[in-house]
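Computation of the quantities below employed the complete heavy-atom set of this structure, encompassing side-chain atoms and omitting hydrogens, waters and symmetry-equivalent molecules. Residues: numbered from 1 along the sequence shown.
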Amino acid sequence: MKFFYVTLTLLSFCNSSWASVRLVVASDTWCPYICDDQQSPGYIVEIVHDIFHQNNISLKFETLPLARAMQFVANNQTDMVLGLTEEQIVEHKLSKSQLSVGRPTLDFFVINGNPWRYTSNTELIKHLADDKKIGIIKGYSYGEFFNNLIESRPKYFYVSHGNTPLDTNLNLLNAGRIDIL
């Protein structure tokens with residue numbers, strides 16, 4: 001689940017000139033949008049590359065955990081981060097590009113055969129009260145309601161991090177260590 005990553009947002013927190021020879025772009029991996037693959041880097045990476053290439057600006061793309069990419073942009077160690085929500089842009093006082101691709105959605109996944117389905121926030125909280133856990137990813141924003149729920153009831157959540165947090169959460173879901181992704 002990564003409801004906000006479908007949205008492409010190019011962010012700049014640059015002190016360097018746009019006329020510089022190379023810009024550093026960072027993001028975590030979430031194929032097919034942003035992939036850690038030189039031959040097939042993901043369509044958002046390809047769009048960004050084409051836009052800057054047309055303007056004679058070269059890019060160095062780095063895949064990093066999102067939380068680390070956000071630290072890098074705040075410390076001017078990278079020039080842009082791909083795929084942030086409007087909320088993250090405002091929170092980190094970043095500049096937003098004019099181009100967006102896709103739209104955000106919030107989806108829930110359970111193991112095959114699990115009859116639970118999301119119907120409302122109230123029902124979700126009741127379900128979680130039965131010692132259920134949701135797998136989430138460090139550094140992601142899940143919207144105001146869920147961000148508040150994560151902060152107020154952290155025991156309901158397993159926070160995955162690192163270079164492949166979605167894969168980690170999928171493995172945990174398949175192993176029965178989390179109940180919802």
Side-chain angles (χ1 to χ4, degrees), residues 1-109 134-144 146-147 159-174 180-181:
M1 172 177 75
K2 192 169 183 182
F3 73 95
F4 55 86
Y5 240 79
V6 179
T7 301
L8 164 66
T9 308
L10 301 178
L11 301 173
S12 168
F13 206 90
C14 297
N15 287 333
S16 62
S17 167
W18 281 106
S20 66
V21 173
R22 176 177 273 195
L23 295 178
V24 179
V25 180
S27 181
D28 65 341
T29 302
W30 202 59
C31 271
Y33 315 103
I34 302 162
C35 308
D36 191 11
D37 182 337
Q38 294 267 323
Q39 299 300 324
S40 300
Y43 77 83
I44 290 177
V45 175
E46 291 174 6
I47 290 169
V48 171
H49 179 268
D50 288 350
I51 290 168
F52 283 99
H53 180 74
Q54 290 173 13
N55 292 288
N56 297 318
I57 299 170
S58 67
L59 298 178
K60 177 182 177 196
F61 184 74
E62 297 180 352
T63 54
L64 304 168
L66 184 61
R68 189 173 311 144
M70 295 305 290
Q71 289 174 340
F72 279 21
V73 79
N75 294 324
N76 295 320
Q77 294 172 286
T78 192
D79 299 302
M80 290 180 280
V81 175
L82 300 180
L84 300 178
T85 63
E86 197 72 37
E87 182 179 330
Q88 289 168 312
I89 294 166
V90 171
E91 178 184 339
H92 294 279
K93 299 180 176 97
L94 301 171
S95 299
K96 179 182 175 188
S97 76
Q98 298 300 312
L99 176 64
S100 292
V101 177
R103 70 174 190 70
T105 63
L106 183 59
D107 299 310
F108 296 90
F109 298 91
I134 296 180
I136 60 173
I137 297 174
K138 181 179 179 180
Y140 283 19
S141 177
Y142 294 95
E144 185 177 354
F146 285 96
N147 290 344
V159 183
S160 191
H161 53 86
N163 290 334
T164 57
L166 180 59
D167 290 342
T168 299
N169 279 344
L170 286 169
N171 290 333
L172 291 172
L173 182 65
N174 283 327
I180 302 168
L181 176 60

Exercise for review: Determine which pairs satisfy disulfide bond (SG atoms under 2.5 Å apart) with at least one residue from residues 27-90, sequence neighbours left out, and list them in order.
Suggested key: C31-C35
Point to revise | Residues that H161 engages under ring-ring contact (aromatic ring centres under 6.0 Å, His included), provided they are two or more places apart | key: none
Exercise for review: Looking only at non-hydrogen atoms, find the nearest pair between P65 and G162 and report the distance.
Suggested key: CG-O, 3.3 Å
Check your understanding: Say you draw a straight line from CG of L94 to CG of L84; how long is it, rounded to the nearest 0.5 Å?
Key -> 7.0 Å
Practice item. Over all heavy atoms of both residues, which pair between I137 and L166 is shortest? Give the atoms and the distance, please. Key: CD1-N, 3.8 Å
Review point. Counting distance only, does the side-chain N/O of E87 pair as donor-acceptor with the main-chain N or O of Y142 below 3.5 Å?
Key: no
Study note, to complete from the structure: In terms of heavy-atom contacts, F61 and A26 come closest through CE1-C, 4.4 Å
Practice item. Drop me the distance from I134's CD1 to F108's CZ, to the nearest 0.5 angstrom. Key: 5.5 Å
Point to revise | Value rounded to 0.5 Å, distance of OG in S160 from CD1 in I136 | key: 9.5 Å
Check your understanding: Residues two or more places apart in sequence or in another chain: which of them pass side-chain hydrogen bond (donor to acceptor under 3.5 Å, both in side chains) with N163?
Key -> none
Exercise for review: Answer whether the closest heavy-atom distance between the side chains of D37 and T29 falls below 4.5 Å.
Suggested key: no
Check your understanding: side-chain hydrogen bond (donor to acceptor under 3.5 Å, both in side chains) with T63: which residues, sequence neighbours excluded?
Key -> D36
**Study point:** Residues forming a ring-ring contact (aromatic ring centres under 6.0 Å, His included) with F72, sequence neighbours excluded
**Key:** none
Review point. Should V81 and L66 count as side-chain neighbours, where that means a heavy-atom distance under 4.5 Å?
Key: yes
Practice item. Looking only at non-hydrogen atoms, find the nearest pair between A69 and T78 and report the distance. Key: O-CG2, 4.0 Å
**Study point:** Evaluation steps, side-chain contact (heavy atoms from CB on, under 4.5 Å), between I34 and D28
**Key:** CA-CA 7 Å; I34 302 162; D28 65 341; 5.5 Å; no
Revision key, fill the gap. When rounded to the nearest 0.5 Å, the distance separating OG of S27 from CG of L64 is 8.5 Å
Revision key, fill the gap. One should read off an interatomic distance between K96 NZ and Q88 CD, to the nearest 0.5 angstrom, of 12.5 Å
Check your understanding: How long is the gap from CG on L82 to OG on S97, to the nearest 0.5 Å?
Key -> 9.5 Å
Point to revise | Atom of G135, atom of L181 and distance for their closest heavy-atom approach | key: O-CD1, 3.6 Å
Practice item. Identify which one of H53, M80, R22 satisfies the side chain to side chain contact (heavy atoms under 4.5 Å, CB included) criterion when paired with L59. Key: M80
Point to revise | Sequence neighbours excluded - salt bridge (charged side-chain N to carboxylate O under 4.0 Å, His left out) pairs with any residue from residues 50-62 | key: K60-E62
Exercise for review: Check for a donor-acceptor pair, side chain of D79 on one end and backbone N or O of V25 on the other, with a separation under 3.5 Å.
Suggested key: no
